[in-house]
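Only one structure is covered here, and it is reproduced in the block below.
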Amino acid sequence: MKNAKQAIALASAAALSLSMLAGCGSSASSAASSEAASTATAEATTSTTSDGTLVLAETGFEGKFSPFFAASAADQDVIDLTQLGLLGADRKGEMILNGIEGETREYNGTDYTYYGTSDCVVTENDDGTVTYDIKLRDDLKFSDGEPVTIDDVIFSMYVFLDPTYDGSATMYSTPIVGLEEYRSSMTTLSKLIAEAGEDNTDNTYFTADQQKAFWDAVNEGGVAFAQEIVDYMMANGATDVTSAAAGWGFELPDGATAKDFFLAIGAQYDWNFSAMEAETAGSALSDLIPEEVYAYSTTGVTTGEDVPNVAGIVKTGDYSMTLTTSELSTTMIYQLQMPIAPLHYYGDTALYDYDNNSFGFPKGDLSSVRSKTSAPLGGGMFTFNKYSDGVVYLDANPDYFDGAPKIAHINMKETQEADKITGVQAGTIDISDPSYSLEVADQIADINGTEGEDGPVITTRLKDYRGYGYIALSAAKVNVGGDPASEASKDLRKAIMTVIAAYRDEGIDSYYGDTASVINYPISNTSWAAPSVTDDGYQIAYSTDVDGNEIYTSDMKSEDKYAAALQAALGYFEAAGYTVENGQITAAPAGAKMEYQVNIGADGNGDHPSFQTLTNAAAALKTIGFTLTVNDMANTSDLFASYQSGAAEGWVAAWQSTNDPDMYQLYHSSGSTNYYAINDADLDELIMAARQTTDQEARKAMYKEAMEIILDWGVELPVYQRSEATIFSTERVNIDTIAKDQTPYWTYKSELNDTELN
């Protein structure tokens, strides 16, 4: 279905594209500061490993075990455990900048000291540039015994910044000095041929045979790829290619063909075939065009005077370097969570000569890097042994900088969801992560014969999920008189949201119990930027009437609360121009309706945390003459397509956040995933201003103001923050040795080297 890969990611992640980098935060280790004097050390230890094997449940592997190209969550887990990261983060997702000596920070009443592979000093210069002075530890080793130096860091950076790099990391989008010149001096073969056109006769940069092969692939496999999308959209209401493309998010002229559609997709993605896979309606593009042509999008071609290096990357010693950006970039520091990959394994040492602008591979040719995807090598806690029959086998790395793991072997085993609990019960799995719910909690309690987190068979550890569930209304579809930004349009959306918001507590409690909580701002509670209940001005979402008065009082019972919400909604409807008589809505203003629809992916049977909330709110709105239709879609891909194409009036989904709470992609008027169609100059200004400072308190205040604007638009209702569960075999794992105070940014894997078996 539409954006099958991308849609899943967007439904669970705010797309800052840091997923690939964030995993190597395991290179920062921590210890409770009360024990730091005796147990925490920045020196590698010679702790003896046990003879045991720990079995971890994993979802399906793709087998791309590369620090540069791993994409799936399971493959990334392998990378997390086998690689070193340049910088790491703490339990709140804040960066550790003094990893060599360690930094002590408080979390949940306990001080933890964090260690890492490097130090980083950030300096904002008078000319507006920003310098990152990086110092690497001088005693690091890769698992094959080779030393880790700054050359390995520089090599890794150049892979991520290469013009032909097409992995999921986005370091190439940062304002590193000289990066634009370095990348723009080269383009890809696919882009060159596409832009030259099918009738091109100038073969300066490519041969006639290459040109023919490319256009043959476009006319056959490319057209077939686009036609699948057209067929899908026509089955869902489109009438021709133009309308199908419009529903898919592409503007084409009347009379467009499937080939025109494919060319538009190619242009959108700069003819990167790997990126274009995101637009699939079924078939993989790699299965529809020849392998040699598919490789054109990763084949670099120099088209002008070559720029041989990135000026902002400067080696200053065997273990030090500086990186300079042309302007302040709040995301740059998070990009430095990049893995430190061994030059001697992924590159070619004969091609590394820093002084002569050679960085371990020919610019525009990552073939040596791509060839090493099945067996990773790094300096992480564990070393890769093999991948066989759905199991990745890892062994303890005795040279890991923060101490050799206490467990000799790790087996990462592909496991079905249904087996994640029973596997621990049966002893075939030691640690797993079942999708948590009241039903799961009851199942674990039955196995243990007791309720609570700790039991004789299974021990459960909960942490907030790094994301949240929400209900959305499209400003482009739900408005008055065709003006999404008018006060009347905002009042219409707030009328609907006010009633839905009132039913959140009941709906979430019935689905999750105490394993989830209702949230009031459009941000995950796990983010450092999330407003706290104790903050001045903290407010329950949609809890004031059209005059700004509080709707609820502390002593209200549920029924009183629902009645108050309906009364407030009537006020908003009236302000929006609806006719309200005797507590009933009797007519809509021009350009608005008496009925709107919200799509929800509840498997067609109401199985969704927000389903009860919506249906109860719909029933309440019905009593005042307004219809809110809850459309339960059995196919989740159809849900994604409905709002990504701009067709949906309302929808239910979830976002997942990375360390940095940057709002650009989701809420800026030019944001690529601004499905709400929110367009507000004040909001845009705040989002950009928050990108121009590293002052965290200032940024937090800006984001709170920005979130208040989003809520005022009535386009998003934050609903719930759920818990994630990790379960451990109490019989096999020494529970006292697993990481304390786990968070989305600090999981049990962050301290797996200190975990012991019983």
Side-chain angles (χ1 to χ4, degrees), residues 1-11 15 226-254 256 258 261 264-265 268 278-282 470-485 489 492-493 496-497 500 588 591-604 608 610 614 618 627-655 665-667 669 671-679 713-717:
M1 297 302 136
K2 176 172 191 321
N3 294 347
K5 295 179 181 178
Q6 187 182 46
I8 292 171
L10 290 174
Q227 188 63 51
E228 283 190 3
I229 301 173
V230 173
D231 292 343
Y232 170 76
M233 293 303 290
M234 291 187 73
N236 287 274
T239 57
D240 57 13
V241 173
T242 301
S243 61
W248 205 259
F250 290 82
E251 292 186 13
L252 297 179
D254 292 340
F261 192 3
I265 294 172
Q268 175 72 27
E279 296 293 341
T280 181
Y470 68 91
I471 296 171
L473 293 175
S474 167
K477 293 290 185 178
V478 184
N479 61 63
V480 177
D483 183 0
S489 294
L492 165 58
R493 295 188 293 267
I496 300 169
M497 290 300 203
I500 300 174
K593 302 190 299 181
M594 296 289 286
E595 177 179 356
Y596 289 95
Q597 178 174 288
V598 176
N599 296 336
I600 183 171
D603 296 331
H608 191 283
S610 292
L614 274 177
T627 300
L628 182 69
T629 300
V630 181
N631 180 29
D632 187 351
M633 307 177 78
N635 190 327
T636 306
S637 294
D638 292 341
L639 169 69
F640 296 152
S642 76
Y643 66 79
Q644 292 184 6
S645 67
E649 295 174 334
W651 67 90
V652 179
W655 291 120
Q665 192 160 341
L666 299 183
Y667 303 107
S669 59
S672 61
T673 55
N674 178 6
Y675 302 127
Y676 311 98
I678 187 171
N679 189 336
W713 267 69
V715 292
E716 182 177 324
L717 170 64

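Here the structure is a predicted model, which means the values were calculated and not measured.
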* Asked: So Y470 and W655, would you call those rings parallel, tilted or perpendicular, with 30° and 60° as cut-offs?
  -> parallel

* **Nearest-0.5 Å distance, NE2 of residue H608 to CD1 of residue I600** => 4.5 Å

* Under 4.5 Å between any side-chain heavy atoms of Y596 and L492, yes or no? -> yes

* Do the non-hydrogen side-chain atoms of V652 and I471 ever get within less than 4.5 Å of each other? -> yes

* Determine yes or no for a side-chain-to-main-chain donor-acceptor pair under 3.5 angstrom, with T673 supplying the side chain and Q665 the backbone. => yes

* Is a side-chain donor or acceptor of D231 paired with a backbone partner of E228 at a separation under 3.5 angstrom? -> no

* Can you sort out the partners of S610 under side-chain hydrogen bond (donor to acceptor under 3.5 Å, both in side chains), two or more places apart, ordered by chain and number? => none

* To do: Determine the interplanar angle of the Y676 and Y667 rings, folded into 0 to 90°, and report it as parallel if under 30°, tilted if 30 to 60°, perpendicular if over 60°.
  => parallel

* For the student: nearest non-hydrogen atoms of W248 and M233, plus distance -> CE3-SD, 3.4 Å

* State, to 0.1 Å, how close E649 and K593 come at their nearest heavy-atom pair, and which atoms those are. => OE2-NZ, 2.6 Å

* Interatomic distance, L628 atom CG to I500 atom CD1 [nearest 0.5 angstrom] -> 5.5 Å

* **Contact check, side chains of I496 and V598, non-hydrogen atoms, under 4.5 Å** => no

* Structure fact -> Note: N599 and M633 closest approach over all heavy atoms is CB-SD, 3.5 Å

* Nearest 0.5 Å, what's the CH2-CG distance between W713 and N479? -> 9.5 Å

* To do: Write down the atom of Q227, the atom of A258, and the distance for their closest heavy-atom approach.
  => OE1-CB, 3.4 Å

* Could you tell me which non-hydrogen atom of S489 sits nearest to which non-hydrogen atom of P484, and how far apart they are? => CB-O, 3.6 Å

* Please report the closest heavy-atom contact between T239 and M234, naming both atoms and the distance. => O-CE, 3.4 Å

* First locate atom CE of M497, then atom CG of L717, and finally report the distance between them rounded to the nearest 0.5 Å. => 5.5 Å

* Structure fact -> Rounded to the nearest 0.5 angstrom, the CG-CG distance for N631 and L614 is 11.0 Å

* Asked: Are side-chain heavy atoms of L639 and W651 found at a separation under 4.5 Å?
  -> yes

* **Pairing residues for A256 by the side-chain contact (heavy atoms from CB on, under 4.5 Å) criterion, not counting sequence neighbours** => V241, T242, L252, D260

